[in-house]
There are 2 protein chains.
Amino acid sequence: MGRKQLWDQDEVLASAMRLFRHRGYLGASLRDIEEATGLHPGSLYRTFGSKDGLFHAALDAYNERVVRGRVRVHLLEPADPLAGIRSFFTSAIETGPEPDPGCLLTNTAVESFALPQAAAGVHHGLAAIEGGFADALTRARQHGDAPADLDVGTTAAHLLALYQGLLVLVRAGLPRTTLHSVTDGAMASIGSLRAPRKQDDHE
Amino acid sequence: MGRKQLWDQDEVLASAMRLFRHRGYLGASLRDIEEATGLHPGSLYRTFGSKDGLFHAALDAYNERVVRGRVRVHLLEPADPLAGIRSFFTSAIETGPEPDPGCLLTNTAVESFALPQAAAGVHHGLAAIEGGFADALTRARQHGDAPADLDVGTTAAHLLALYQGLLVLVRAGLPRTTLHSVTDGAMASIGSLRAPRKQDDHE
DNA sequence: TCCGTAGTTGAACGATTGCTCACAAAAAAT
DNA sequence: ATTTTTTGTGAGCAATCGTTCAACTACGGA
């Protein structure tokens with residue numbers, strides 16, 4: 001019963017994702033959103049309740065589609081796990097035809113004081129990336145491409161930080177040569193984190 | 001000639017720095033600024049011309065005082081360069097009494113599409129950090145605390161990315177244990193970047 | 001066919017935004 | 001003492017913000 005919805009929710013969320021990634025939550029006005037998604041405020045508020053609601057739906061969609069998709073393609077599926085890790089990094093630099101670089105997770109983490117309820121979504125996305133690194137590292141260790149005593153957990157956290165840092169530098173507009181050398185450093189650093197030999201420090 | 005200025009520019013910029021770091025450029029309204037600095041809009045516009053002008057002055061002051069200060073204390077001056085690098089990282093996690101964590105450079109890089117003219121300031125600050133890392137690494141190599149064939153330039157870029165990534169994760173509110181393991185990973189990865197043996201890749 | 005329901009539209013709301021400016025206050029110049 | 005010059009003050013501006021809502025349109029069931 002009733003009228004049929006004229007717009008596709010996936011397309012609207014994809015547009016919203018792009019807009020929020022580009023401008024941030026505070027930087028994207030509802031007029032911008034209306035223009036980007038084609039949705040009038042009434043439909044928007046009927047469906048998502050508020051700008052916050054739309055943002056959270058877009059963040060969830062980003063985690064579900066973009067993040068998990070990238071993790072699967074680059075970290076879980078490749079036969080060569082180390083090559084996958086490398087392509088995970090380089091694909092954040094060479095974004096191809098996409099106009100603006102960066103990652104909605106990174107941006108939202110930084111903007112989190114304007115969006116306290118978004119913390120959970122950010123944590124989910126970061127955990128998915130970290131888990132992907134851990135999986136690839138475990139497989140690399142099995143294949144003999146990484147030291148047998150590699151500390152997978154610490155290295156995964158290390159790569160997550162490096163990846164987020166790369167996205168900051170991408171966003172800052174640093175030259176591509178610098179960004180690629182960060183990738184090289186990331187690959188070279190794999191293998192330096194060994195031996196869960198108990199390390200005692202900071203009290 | 002004329003009346004004496006009743007407020008201290010350094011104090012005002014310090015307050016503005018804190019506010020912008022906490023809320024971001026878009027998230028800090030002029031009413032917030034007025035409350036934080038004690039400056040009425042008239043004086044503010046007389047001195048800085050606009051909200052942008054104040055932001056740029058605050059970013060410059062941040063580079064000049066906070067960034068360069070931290071680089072000097074942790075990276076240039078310590079007799080033990082590696083210990084200095086470690087404390088540079090840990091001091092970003094354990095901020096002490098300061099209420100909110102993070103770095104104005106990181107945040108501004110992410111927010112850069114709202115602030116295109118801030119790119120230069122961000123570049124300056126990042127270059128200062130990278131240069132500090134390079135200095136500390138060079139000295140560590142001289143002291144024999146790092147491999148003689150360490151690629152200082154690439155490692156400095158690597159540490160810069162790691163540091164920015166750490167600040168994103170701090171901002172995301174990840175547990176301190178995770179953050180400290182990133183620091184451990186950073187220290188362990190020093191030494192894995194050797195040999196400027198020409199590396200041919202990505203066309 | 002006519003009604004009930006779900007969806008669309010866009011004008012308009014009060015609040016807040018960055019910013020201006022007329023006026024008052026204080027110090028130097030005369 | 002008066003004028004000139006600089007600074008402080010804060011009410012108020014137009015524009016924009018996120019949001020609401022009444023009128024309208026399309027569909028299914030009676």
Side-chain angles (χ1 to χ4, degrees), chain A residues 1-59 104 107-108 111-118, chain B residues 1-59 104 107-108 111-118:
Chain A
M1 50 325 214
R3 189 170 172 171
K4 276 190 279 189
Q5 192 170 283
L6 296 177
W7 45 279
D8 180 63
Q9 180 142 340
D10 286 351
E11 284 176 20
V12 162
L13 287 178
S15 303
M17 264 168 38
R18 273 194 298 272
L19 180 67
F20 282 131
R21 189 183 57 186
H22 181 60
R23 309 254 254 200
Y25 173 76
L26 294 172
S29 77
L30 272 163
R31 271 73 174 179
D32 295 331
I33 294 170
E34 186 174 353
E35 189 186 6
T37 63
L39 229 62
H40 294 86
S43 300
L44 204 152
Y45 275 79
R46 156 184 293 284
T47 309
F48 300 103
S50 66
K51 186 186 171 185
D52 281 57
L54 172 65
F55 182 84
H56 289 111
L59 182 59
L104 185 57
N107 303 357
T108 306
E111 218 181 352
S112 64
F113 284 88
L115 297 151
Q117 331 95 302
Chain B
M1 49 334 210
R3 188 171 170 171
K4 275 189 281 188
Q5 192 170 282
L6 296 177
W7 46 278
D8 181 62
Q9 180 143 338
D10 286 352
E11 284 176 20
V12 163
L13 288 178
S15 303
M17 267 168 37
R18 274 195 297 274
L19 180 67
F20 283 131
R21 187 183 59 186
H22 181 59
R23 309 255 254 203
Y25 172 76
L26 293 173
S29 76
L30 272 165
R31 270 72 176 179
D32 295 332
I33 294 170
E34 185 174 352
E35 190 186 7
T37 64
L39 228 62
H40 294 87
S43 302
L44 204 151
Y45 276 80
R46 161 185 300 284
T47 309
F48 299 103
S50 66
K51 186 185 170 185
D52 281 57
L54 173 65
F55 182 84
H56 289 111
L59 182 58
L104 185 57
N107 303 358
T108 306
E111 218 181 351
S112 63
F113 285 88
L115 296 152
Q117 331 94 303

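A note on names: the letters A, B, ... follow the listed sequences, proteins ahead of strands, and every chain is numbered from 1. Values below: all heavy atoms of this structure, side chains included; hydrogens, waters and symmetry mates excluded.
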When you get a sec, tell me which of [options] is the closest nucleotide to the side chain of [X]?
| X | options | result |
| --- | --- | --- |
| B:Q5 | C:dG7, C:dC19, D:dG8 | D:dG8 |
| A:L30 | D:dG8, D:dT19, C:dT8 | D:dT19 |
| A:K4 | C:dT8, D:dG12, D:dC27 | D:dC27 |

Exercise. At under 4.0 Å between heavy atoms, what does A:S29 touch on the DNA or RNA strands: base, sugar-phosphate, or nothing?
Worked result: sugar-phosphate
Exercise. Taking for each residue the nucleotide of DNA chain D bearing the nearest heavy atom, is the 5' side occupied by A:L6 or by A:L26?
Worked result: A:L26
Problem set entry | 5' priority, DNA chain D, between A:G49 and B:G42 [closest heavy atom] | B:G42
Problem set entry | Minimum side-chain heavy-atom gap B:R21-A:F113 below 4.5 Å | no
Can you check whether [X] has a side-chain N or O nearer than 4.0 Å to OP1 or OP2 of [N]?
| X | N | result |
| --- | --- | --- |
| B:Y45 | C:dT20 | no |
| A:W7 | C:dT8 | yes |
| A:S43 | C:dG7 | no |
| A:K51 | D:dG18 | yes |

For this session: Kindly indicate whether the side chain of A:R3 and the base of D:dG28 share any N or O donor-acceptor pair separated by less than 3.5 Å?
Result: no
Exercise. Rounded to whole angstroms, how far apart are NE2 on A:H40 and P on C:dG7?
Worked result: 17 Å
Exercise. To the nearest Å, how far apart are B:R46 CZ and C:dA25 C1'?
Worked result: 13 Å
Exercise. Under the 3.5 angstrom rule, does the side chain of B:H56 hit a backbone N or O of B:D52 as a donor-acceptor pair?
Worked result: yes
Exercise. Just checking, is any N or O donor in the side chain of B:N107 or B:Y25 under 3.5 Å from an acceptor N or O on the other one?
Worked result: no
